[in-house]
Chemist: 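I have a structure here, written as structure tokens, and I will follow up with some questions on it.
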Amino acid sequence: MEIERKFLISELPANPEQYEHARIVQAYLNTNPVLRIRRYGEQYIFTYKGSGLMLREEYNLPLTREAFEHLLPKADGNIIEKTRYIIPLDEFVKTAEGDYVNLNAELDIFTSPKELIMAEVEFPDEASALAFQKPDWFGREVTNDPAYHNSNMI
């Protein structure tokens, strides 16, 4: 289960290049349900995503580079390119098991098919997602707007 909230970015944090980052190419073989292939740096992943907005079923399976390259043309140009920066947030949440987890913002700077800057925060459970207070550099929340699902941006 994926539990995440999404935000447009009103101002970039200082020096995003200082954070862990990677170039992402993701292609959509289907959008309902979402069947996606992704190259994340040097990793290749096949993803199934169910319906939903803040909560949705998600399964990730490893792919080889060869399988990714074979499937890429089958996306018929339904491709997104972006750079993702992993930015630690100064917020911890307590999981149902009693562990504390540090939250990260996944800052995505899209270059294709359109320019857009958005951040996602993933949570261990729905309660911590609902209690989350966004940092000042986050803008308008778009979690419940299906137009901001990556699969709808193609």
Side-chain angles (χ1 to χ4, degrees), residues 1-60 68 72 75-96 99-154:
M1 180 69 66
E2 175 184 59
I3 303 169
E4 70 180 7
R5 291 178 59 186
K6 296 180 178 199
F7 302 86
L8 297 177
I9 298 303
S10 54
E11 85 182 60
L12 283 176
N15 305 313
E17 293 291 326
Q18 70 180 312
Y19 299 104
E20 174 189 337
H21 60 281
R23 188 82 183 129
I24 296 175
V25 174
Q26 55 193 44
Y28 293 85
L29 305 171
N30 196 54
T31 57
N32 190 18
V34 172
L35 300 176
R36 176 187 78 197
I37 58 172
R38 173 187 271 179
R39 182 179 69 221
Y40 189 153
E42 294 305 314
Q43 292 183 310
Y44 299 89
I45 305 159
F46 176 83
T47 300
Y48 162 86
K49 288 189 175 204
S51 61
L53 296 170
M54 186 175 79
L55 292 95
R56 56 196 287 199
E57 192 176 15
E58 177 180 270
Y59 299 99
N60 292 303
F68 177 86
L72 189 59
D76 294 329
N78 295 327
I79 299 171
I80 287 177
E81 295 184 45
K82 59 188 177 182
T83 300
R84 173 167 287 172
Y85 300 85
I86 307 297
I87 302 176
L89 299 175
D90 294 329
E91 185 166 338
F92 292 84
V93 295
K94 189 175 183 179
T95 67
D99 300 320
Y100 284 91
V101 177
N102 186 317
L103 296 179
N104 293 312
E106 296 175 343
L107 175 67
D108 290 338
I109 300 178
F110 292 79
T111 55
S112 176
K114 61 183 175 184
E115 292 184 9
L116 177 70
I117 302 174
M118 191 166 56
E120 301 175 352
V121 180
E122 292 193 19
F123 301 91
D125 55 48
E126 187 176 5
S128 56
L130 294 172
F132 177 71
Q133 298 295 309
K134 69 180 183 169
D136 292 341
W137 57 277
F138 280 25
R140 178 171 64 97
E141 183 167 5
V142 293
T143 301
N144 294 316
D145 186 342
Y148 290 95
H149 273 195
N150 284 202
S151 60
N152 291 335
M153 288 192 243
I154 48 178

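Counting from 1, the numbers follow the sequence of the chain as shown.
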Chemist: Quick one: does Pro135's side chain get under 4.5 Å of Leu89's, heavy atoms only?
Modeler: yes
Chemist: What is the distance from atom CG of Asn30 to atom NZ of Lys49, rounded to the nearest 0.5 Å?
Modeler: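 It is 14.0 Å, given to the nearest 0.5 Å.
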Chemist: How close do Thr111 and Arg23 get, counting heavy atoms only, and between which atoms?
Modeler: OG1-NH2, 2.7 Å
Chemist: Between Asn60 and Arg38, does the side chain to side chain contact (heavy atoms under 4.5 Å, CB included) criterion hold? Intermediate values first, please.
Modeler: CA-CA 10 Å; Asn60 292 303; Arg38 173 187 271 179; over 6 Å; no
Chemist: Once you round to the nearest 0.5 Å, how far does CG of Leu53 lie from OG1 of Thr143?
Modeler: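 Rounded to the nearest 0.5 Å, the CG-OG1 separation comes to 8.5 Å.
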Chemist: Would you say Asn78's side chain and Ile154's backbone share a donor-acceptor pair under 3.5 angstrom?
Modeler: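 Flag not set: sc Asn78 to bb Ile154 has no pair under 3.5 Å.
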Chemist: In Å, rounded to the nearest 0.5 Å, how long is the span from CG of Leu103 to CD1 of Ile87?
Modeler: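 Output value for this atom pair is 13.5 Å.
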Chemist: May I ask you to decide if Gly139's main-chain N or O and Lys134's side chain share a donor-acceptor pair within less than 3.5 Å?
Modeler: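 Side chain of Lys134 to backbone of Gly139, a donor-acceptor pair under 3.5 Å: yes, one is there.
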Chemist: With rounding to the nearest 0.5 angstrom, report the OH to CD distance, Tyr48 to Glu58.
Modeler: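 The OH atom of Tyr48 sits 11.0 Å away from the CD atom of Glu58.
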Chemist: Yes or no on side chain to side chain contact (heavy atoms under 4.5 Å, CB included) for Leu35 and Phe46, after CA distance, side-chain angles and deciding distance?
Modeler: CA-CA 7 Å; Leu35 300 176; Phe46 176 83; 4.0 Å; yes
Chemist: Please determine whether the number of non-hydrogen atoms from other residues, nucleotides or ligands lying under 6.0 Å from atom CD of Gln18 exceeds 12.
Modeler: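 Result for CD/Gln18: enclosed.
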Chemist: Roughly how far, to the nearest 0.5 Å, is the CD atom of Glu4 from the CE atom of Met54?
Modeler: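 Taking CE in Met54 and CD in Glu4, the distance rounds to 10.5 Å.
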Chemist: Could you tell me whether the side chain of Arg56 and the main chain of Met1 form a donor-acceptor pair under 3.5 Å?
Modeler: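 No, the answer is negative, given that no donor and acceptor are paired below the 3.5 Å cut-off.
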Chemist: Has the side chain of Asp108 got a donor or acceptor atom that lies under 3.5 Å from a matching backbone atom of Phe110?
Modeler: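 Not confirmed, Asp108 side chain does not pair with Phe110 backbone.
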Chemist: Take Arg84 and Glu120, measure what side chain to side chain contact (heavy atoms under 4.5 Å, CB included) needs, and give me the verdict at the end.
Modeler: CA-CA 10 Å; Arg84 173 167 287 172; Glu120 301 175 352; 3.8 Å; yes
Chemist: Among Glu20, His21, Glu17, which residue meets the side chain to side chain donor-acceptor pair (under 3.5 Å) test with Tyr85?
Modeler: Glu17
Chemist: Run Tyr44 and Ile37 through side chain to side chain contact (heavy atoms under 4.5 Å, CB included) and show every step you take.
Modeler: CA-CA 7 Å; Tyr44 299 89; Ile37 58 172; over 6 Å; no
Chemist: Return the minimal non-hydrogen interatomic distance between His149 and Gly52, and the atom names on each side.
Modeler: CE1-O, 3.0 Å
Chemist: In Å, rounded to the nearest 0.5 Å, how long is the span from CE of Met153 to NZ of Lys114?
Modeler: 6.5 Å
Chemist: Do Ile9 and Phe138 make a side-chain contact, defined as non-hydrogen atoms from C-beta onward lying under 4.5 Å apart?
Modeler: yes
Chemist: Might you point out which heavy atoms bring Ile80 and Pro113 nearest each other, and give the distance in Å?
Modeler: CG1-CD, 3.8 Å
Chemist: For the residue pair Thr31 and Ser151, what are the closest heavy atoms and their distance?
Modeler: CG2-O, 3.7 Å
Chemist: Please determine which of Leu116, Asn150, Leu107, Ile117 meets the side chain to side chain contact (heavy atoms under 4.5 Å, CB included) test together with Lys82.
Modeler: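 The side chain to side chain contact (heavy atoms under 4.5 Å, CB included) with Lys82 is passed solely by Asn150 among Leu116, Asn150, Leu107, Ile117.
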Chemist: Quick one: do the Arg36 and Thr47 side chains pair a donor with an acceptor below 3.5 Å?
Modeler: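 Thr47 and Arg36 do have a side-chain donor-acceptor pair below 3.5 Å.
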Chemist: Does a side-chain heavy-atom distance below 4.5 Å link Glu122 with Val101?
Modeler: no
Chemist: Within the distance-only criterion (no hydrogens, no angle test), does the side chain of Thr83 pair as donor or acceptor with the backbone N or O of Ala22 below 3.5 angstrom?
Modeler: no
Chemist: Just checking Asp99: does its CG atom have more than 12 heavy atoms from other residues, nucleotides or ligands closer to it than 6.0 angstrom?
Modeler: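 It does: Asp99 CG has more than 12 such atoms within range.
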Chemist: For atom CG of Asp136, decide whether the heavy atoms of other residues, nucleotides or ligands shown that lie under 6.0 angstrom number more than 12.
Modeler: no
Chemist: Could you tell me which non-hydrogen atom of Arg140 sits nearest to which non-hydrogen atom of Tyr148, and how far apart they are?
Modeler: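 In this case the closest contact between Arg140 and Tyr148 is NH2-OH, 3.5 Å.
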Chemist: On a heavy-atom basis, which atom in Glu106 and which in Ile86 lie closest, and how many Å separate them?
Modeler: CG-CD1, 3.8 Å
